[in-house]
2 protein chains.
Amino acid sequence: MARWEPGARGRLRAAALELFADQGYDETTAAQIAARAGVTERTFFRHFDDKREVLFAGSEDFARAFLDGVRDAPPEAAPLDVVAHALTSVATFFPDERRDDSRGRWAVIHAHPALRERELLKLAGLAGVLATAMRERGVPDPAAVLASESAVTVFRVAFGRWLAVGEERSLVDLEREVLGELTALTTPASQVVP
Amino acid sequence: MARWEPGARGRLRAAALELFADQGYDETTAAQIAARAGVTERTFFRHFDDKREVLFAGSEDFARAFLDGVRDAPPEAAPLDVVAHALTSVATFFPDERRDDSRGRWAVIHAHPALRERELLKLAGLAGVLATAMRERGVPDPAAVLASESAVTVFRVAFGRWLAVGEERSLVDLEREVLGELTALTTPASQVVP
DNA sequence: GTCTATAGTGCGATAGAC
DNA sequence: GTCTATCGCACTATAGAC
């Protein structure tokens with residue numbers, strides 16, 4: 001038997017999610033999370049920069065899926081088509097089986113401002129790297145930033161809708177719908193046919 | 001003479017901004033800020049829920065200006081026209097005289113992730129109340145949320161541009177420009193003239 | 001792994017304004 | 001008398017330094 005069980009990081013993440021859901025974020029100490037994962041408090045802080053970060057450790061893969069969608073879009077695609085492509089790509093990360101898990105996670109995060117703050121920072125960082133990727137495709141700068149911000153907004157709104165009770169449509173479908181609503185908003189009929 | 005000087009809150013805000021700018025956010029303790037303002041650390045935390053909040057205490061007026069712009073827009077205005085109206089309204093809060101102050105504040109906030117996090121949370125809250133105000137105007141829900149999010153995005157981008165070194169155009173002008181870029185993005189020529 | 005500074009909270013006491 | 005802003009002190013948890 002090993003000196004310590006492997007997978008401490010994963011156990012810490014699971015323990016934190018459970019405890020936050022049961023007792024609330026404030027009422028849960030880092031020591032409690034560590035104890036449930038069978039490690040010391042010190043180990044918790046070696047894995048995660050702060051207490052909030054334990055809930056966001058998996059977000060790199062998510063960001064990469066988003067980014068890959070931008071890079072894999074056909075070269076001639078217009079900025080908003082690139083966005084659509086990226087949204088499709090990231091949706092593969094959230095198959096319907098993950099919907100209930102995502103609901104639990106969402107509830108925990110949105111129950112405490114400190115966790116929402118961290119989520120918003122992550123999403124802002126994502127928008128930043130998306131903008132860089134857009135520029136690398138040759139999209140000039142006002143468009144690159146605005147397209148990236150819009151992509152994140154559409155994802156956030158669609159994701160929220162995906163989690164709504166009773167909702168059964170897939171995330172891709174909802175993303176498409178929201179993206180359509182955004183273009184409809186900025187393109188009233190009077191502008192299409194002046 | 002009174003037992004304590006009035007205006008402790010304002011002194012704390014000014015002291016915090018100076019110290020954060022001079023020494024950095026992490027290197028400044030709440031006790032230092034309090035000392036410079038002539039109060040105790042306990043008083044600091046009675047005025048502000050946490051150390052970050054001292055930099056964002058003035059943001060209610062800003063949010064109100066934004067909100068008033070939504071409410072004062074003509075009843076028949078389309079969602080994006082309401083957004084334009086709100087952007088004009090909030091720009092009155094940032095006359096050119098405030099540009100240098102805003103630059104200093106912006107530099108402090110963007111020098112530390114913890115402060116950016118708080119800024120993002122405030123802006124998300126703003127988008128939320130804007131959406132509520134839009135709904136009160138009768139704008140239905142996908143449009144209300146998307147218009148509000150877009151309004152905040154346009155403001156953020158325009159504000160960043162307003163602060164750029166050498167930039168001399170007014171915030172209203174820049175907001176109009178960015179809003180135009182957003183509509184251009186979501187309305188490529190092929191859609192306008194199919 | 002231990003030790004320490006700082007953030008942030010709870011509560012009683014105090015002093016002036018009304 | 002009440003109300004409000006402050007102080008002063010004890011305390012826990014986070015987070016980082018050693």
Side-chain angles (χ1 to χ4, degrees), chain A residues 2-6 8-9 11-13 15-57 108-109 111-122, chain B residues 1-58 60 108-109 111-122:
Chain A
R3 201 141 68 90
W4 27 259
E5 297 296 321
R9 196 181 170 83
R11 291 203 309 279
L12 283 165
R13 296 217 284 144
L17 186 59
E18 290 169 18
L19 288 169
F20 290 166
D22 286 1
Q23 319 176 338
Y25 174 79
D26 279 332
E27 290 67 33
T28 303
T29 69
Q32 280 181 306
I33 300 168
R36 177 176 289 217
V39 297
T40 67
E41 189 181 345
R42 187 69 184 79
T43 301
F44 177 93
F45 284 110
R46 277 198 299 104
H47 279 284
F48 308 103
D49 284 346
D50 60 46
K51 192 176 141 187
R52 286 173 261 171
E53 198 62 20
V54 67
L55 274 186
F56 297 91
V108 169
I109 290 171
H112 202 296
L115 295 171
R116 274 222 65 204
E117 251 181 353
R118 180 54 50 85
E119 183 185 43
L120 292 166
L121 188 66
K122 295 282 178 187
Chain B
M1 172 183 148
R3 195 152 86 92
W4 20 261
E5 297 297 320
R9 195 181 172 84
R11 290 201 311 277
L12 284 165
R13 295 216 286 145
L17 186 58
E18 289 168 20
L19 288 169
F20 290 167
D22 285 1
Q23 320 176 339
Y25 174 79
D26 279 333
E27 290 68 35
T28 303
T29 69
Q32 279 181 308
I33 301 168
R36 178 176 290 217
V39 295
T40 66
E41 189 183 348
R42 192 67 187 83
T43 299
F44 177 92
F45 286 111
R46 209 170 295 100
H47 278 282
F48 308 104
D49 284 345
D50 60 47
K51 194 176 140 187
R52 287 171 260 171
E53 198 62 18
V54 67
L55 274 186
F56 297 91
E60 307 81 29
V108 169
I109 290 172
H112 203 296
L115 295 171
R116 274 224 64 208
E117 251 180 355
R118 181 55 50 86
E119 184 184 42
L120 292 166
L121 187 66
K122 295 282 178 187

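Just the heavy atoms: all of them, side chains too, but no hydrogens, waters or symmetry mates, feed the values below. Owing to the predicted nature of the structure, the values given are computational and were not obtained by experimental measurement. Below, chain A is the first sequence line, B the second, and so on; all start at residue 1.
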Review point. Passes side chain to side chain contact (heavy atoms under 4.5 Å, CB included), B:Leu55 versus B:Arg118? Steps please.
Key: CA-CA 9 Å; B:Leu55 274 186; B:Arg118 181 55 50 86; over 6 Å; no

Here the distance between atom C1' of D:dA13 and atom CZ of A:Phe20, to the nearest Å, is 13 Å

Quick one, B:Glu53 with B:Lys122, criterion salt bridge (Lys or Arg N to Asp or Glu O under 4.0 Å). Give me CA distance, side-chain angles, the key distance, then yes/no. CA-CA 10 Å; B:Glu53 198 62 18; B:Lys122 295 282 178 187; 2.6 Å; yes

Taken to the nearest whole Å, CD/B:Glu41 to P/C:dA7 is 7 Å

note: B:Arg42, atom CZ; D:dT12, atom C1'; distance rounded to Å ~ 14 Å

Atom CG of B:Asp26 and atom C1' of C:dT6 are separated, to the nearest Å, by 11 Å

Q. OP1, OP2 of D:dC7 versus side-chain N and O of B:Thr40: anything below 4.0 Å?
A. yes

Atom CD of A:Glu27 and atom P of C:dT9 are separated, to the nearest Å, by 12 Å

Smallest heavy-atom separation, A:His47 atom then A:Leu12 atom, equals CD2-CD1, 4.0 Å

On a heavy-atom basis, the closest approach of A:Asp50 and A:Phe45 is CA-CE2, 4.3 Å

- Item | Test item: B:Leu120 and B:Arg116 side chains (from C-beta on) under 4.5 Å apart, heavy atoms | yes

Atom NE2 of B:His112 and atom P of D:dA15 are separated, to the nearest Å, by 12 Å

B:Leu19 CG to C:dT6 P, in whole Å, measures 14 Å

* Asked: Is there a donor-acceptor pair closer than 3.5 Å between any side-chain N or O of A:Arg11 and the backbone N or O of A:Pro6?
  -> yes

Picking from D:dT6, C:dG1, D:dT14, the nucleotide nearest the side-chain atoms of B:Trp4 would be D:dT6

Taking C:dG10, D:dA5, D:dC18 as options, the one with an atom nearest any side-chain atom of B:Arg3 is D:dA5

B:Tyr25 atom OH is separated from D:dA15 atom P, nearest whole Å, by 11 Å

So, with a heavy-atom separation below 4.0 Å from DNA chain D, the residues of residues 43-55 of chain B are B:Thr43, B:Arg46, B:His47

Do B:Trp4 and B:Thr43 touch side chain to side chain, with heavy atoms closer than 4.5 Å? no

